[in-house]
Number of protein chains: 2
Amino acid sequence: MSYQKPVSGCQQCVVRNRAICSSLSPSELDVLNKIGRRVPVHRGQTLMWEGDDSSLVANVIDGVLKLSTSTADGREQIVGVVYPSDFIGRPFGSTTQHSVTALSDAQVCLFTRSAFDEFARAHPELEHKLLQRTLTELDRARHWMLLLGRKSAGERVATFLLEMAHRLADATCAANGQPAERFELPLSRQQMADLLGLTIETVSRQLTRLRQAGIIDLPDRRAVVILDHEAMEAEAGNG
Amino acid sequence: MSYQKPVSGCQQCVVRNRAICSSLSPSELDVLNKIGRRVPVHRGQTLMWEGDDSSLVANVIDGVLKLSTSTADGREQIVGVVYPSDFIGRPFGSTTQHSVTALSDAQVCLFTRSAFDEFARAHPELEHKLLQRTLTELDRARHWMLLLGRKSAGERVATFLLEMAHRLADATCAANGQPAERFELPLSRQQMADLLGLTIETVSRQLTRLRQAGIIDLPDRRAVVILDHEAMEAEAGNG
DNA sequence: CGAAAGGTTGAGTGCTGTCAACGTCCGTGG
DNA sequence: CCACGGACGTTGACAGCACTCAACCTTTCG
């Protein structure tokens with residue numbers, strides 16, 4: 001991993017006002033500046049490995065990354081997807097419980113865990129932001145457990161697309177004036193399957209079914225257009 | 001819900017040294033004492049409802065409770081099981097994302113969220129304990145996602161029994177000198193099914209299969225004895 | 001242009017859900 | 001004390017959804 005010189009200035013950071021650092025004063029930021037390094041991560045590169053000693057933590061500046069775990073025989077489950085301003089790694093703990101891999105080229109602001117832990121202990125406002133973020137992630141993870149434990153393949157795929165639309169959508173208007181949503185998937189079919197607890201073939205079939213039903217369009221492999229938002233909600237099992 | 005007089009003394013609390021309150025000095029405990037109330041909860045009673053305004057939080061003093069969510073059409077998923085010294089409720093957030101229901105008669109130390117939030121903001125050591133606990137819960141939830149997304153019914157039941165044994169086991173020795181573990185399940189078959197993302201029939205069949213294979217014994221409806229720990233690990237898919 | 005990676009479609013199987021009957025345990029009330 | 005009813009659990013028959021295996025198509029890249 002190629003370390004670069006210290007972050008030129010947290011003040012100019014694009015996630016300055018959204019990441020947990022937003023709790024800090026300019027002088028505190030200067031200190032943080034000295035212990036963090038901005039590091040580029042290439043698509044497919046794994047930043048942390050499941051089971052490793054937890055020696056690094058980071059803020060995501062740009063790009064999308066996955067968190068994943070595997071069984072002994074190689075079955076994989078994606079347990080989280082993180083976006084700019086999200087926090088990754090396991091502070092205050094000895095081992096990392098899941099791997100972190102870049103889904104797109106990305107940039108992260110990397111800290112050694114020991115330096116970050118020490119800094120965080122001295123800055124309660126930062127810990128508070130981290131607590132809020134962790135509580136939100138826990139709610140999200142538990143909500144996903146409902147999908148994995150109780151939803152059908154059709155419901156899983158529809159739920160996933162709606163969540164992606166919610167996170168990524170460029171709201172536009174179709175020619176007929178009906179609202180439409182288009183976005184680019186940050187995941188391959190295999191990654192969607194690993195997130196949804198399905199196989200690649202089942203994901204593909206469900207997407208085809210939704211397309212043939214006129215509920216979505218798939219202009220290319222990575223693009224999705226939601227044509228009928230109401231039908232999607234029904235497909236997702238939301239009332 | 002019947003409120004009782006304020007906790008007579010946190011100093012004497014059985015979870016005093018394990019719950020997040022362990023971060024507090026005697027004088028700080030006195031303050032906390034004034035805003036918390038010890039409340040009994042009967043088996044089956046629901047303390048918080050999914051979707052409600054988050055107006056209460058609590059520490060578990062005694063008993064076992066479940067956290068659960070449901071789909072619009074009534075399918076349920078248990079997303080967590082909490083034990084004495086665990087924290088429940090959603091501080092610093094407006095709504096509760098899952099219901100909390102007692103699996104056994106229980107006692108909790110209840111706070112209004114507003115009072116707790118205010119107290120926590122003023123006591124960084126308490127927030128730090130809460131952060132550690134939340135990070136651990138997040139790791140646990142994400143690990144359970146692997147079970148729900150990727151494991152077979154047999155693996156799920158075996159994994160669940162091993163985790164229960166780990167949490168509850170009275171280590172004993174069988175007559176032949178081989179180590180054995182016996183424990184009482186805090187969950188009914190239906191609740192096990194809701195936790196594992198299975199049906200009650202499938203749980204029952206897998207238990208019968210493990211019993212007939214000589215890997216476990218089921219002395220009565222709620223008791224389990226693990227006869228062959230190694231075989232259980234293999235059944236659980238832990239390589 | 002060819003190969004490799006990613007994605008779709010089809011045929012068939014099997015695991016787990018559904019529906020139903022039956023068994024067991026326990027508390028209640030005659 | 002016994003009869004009854006309800007909650008809980010087990011077992012069986014069957015069906016269907018999702019997985020497996022395989023072929024084929026599309027896109028990308030050397």
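Considering all non-hydrogen atoms of both residues, B:P186 and B:M164 come closest at CD-SD, 3.8 Å. The two residues B:L148 and B:G197 come nearest to each other via the heavy atoms CD2-N, 4.0 Å. A pairwise comparison of heavy atoms in A:R156 and A:L196 identifies NH1-O, 2.8 Å as the closest pair. Contact record, A:R43 with A:L103: CG-O, 3.6 Å, taken as the closest heavy-atom pair.
We find that CZ of A:R222 is positioned 12 Å from C1' of C:dA5, with the value rounded to whole Å. Rounded to an integer number of Å, the gap from B:Q191 CD to D:dG9 C1' is 13 Å. Going from atom CG of B:L187 over to atom C1' of D:dC8 covers 14 Å, rounded to whole Å. Following rounding to the nearest Å, B:R189 (CZ) and C:dT24 (P) show an atom-to-atom distance of 15 Å. Residue A:Q190 contributes atom CD, which lies 14 Å from atom C1' of D:dT20 at whole-angstrom precision.
A heavy-atom distance below 4.0 Å to DNA chain D is reached by these residues of residues 200-220 of chain A, ordered by number: A:E201, A:T202, A:R205.
Summarising the geometry, atom CZ belonging to A:R37 is positioned 9.5 Å from atom CG belonging to A:L110; distances are rounded to the nearest 0.5 Å.
Residues passing the side-chain hydrogen bond (donor to acceptor under 3.5 Å, both in side chains) test with A:E137 are A:R140, B:R142, sequence neighbours excluded.
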*Going 5' to 3' along nucleotides 25-30 of chain D, which nucleotides have protein heavy atoms under 4.0 Å from the base (write B), which only from the sugar-phosphate (write S), and which from neither (write -)?*
-BS---

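Residue A:T199 has a polar side-chain atom (N or O) positioned under 4.0 Å from OP1 or OP2 of D:dC19.
Formation of a donor-acceptor pair under 3.5 Å by the B:S99 side chain with backbone atoms of B:E50 is found in this model. When atom types are taken as modelled, the side chain of A:Q107 and the backbone of A:V41 share no donor-acceptor pair closer than 3.5 angstrom.
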What pairs of donor and acceptor atoms, side-chain ones from residues 53-60 of chain A against any protein atom, are under 3.5 angstrom apart with sequence neighbours left out?
unit_1	atom_1	unit_2	atom_2	d
A:S54	OG	A:R90	O	2.8

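For the helix from C:dC1-D:dG30 to C:dG30-D:dC1, the end axes, each set by the C1' atoms of five terminal pairs, are bent relative to each other by 30° (nearest 10°).
A:G197 comes within 4.0 angstrom of the backbone, heavy atoms only, and of no base.
Within the structure, side-chain hydrogen bond (donor to acceptor under 3.5 Å, both in side chains) pairs that include any residue of residues 211-224 of chain B do not occur (at least two apart or interchain).
Inspection of the A:H143 and B:Q97 side chains reveals no N or O donor paired with an N or O acceptor under 3.5 Å.
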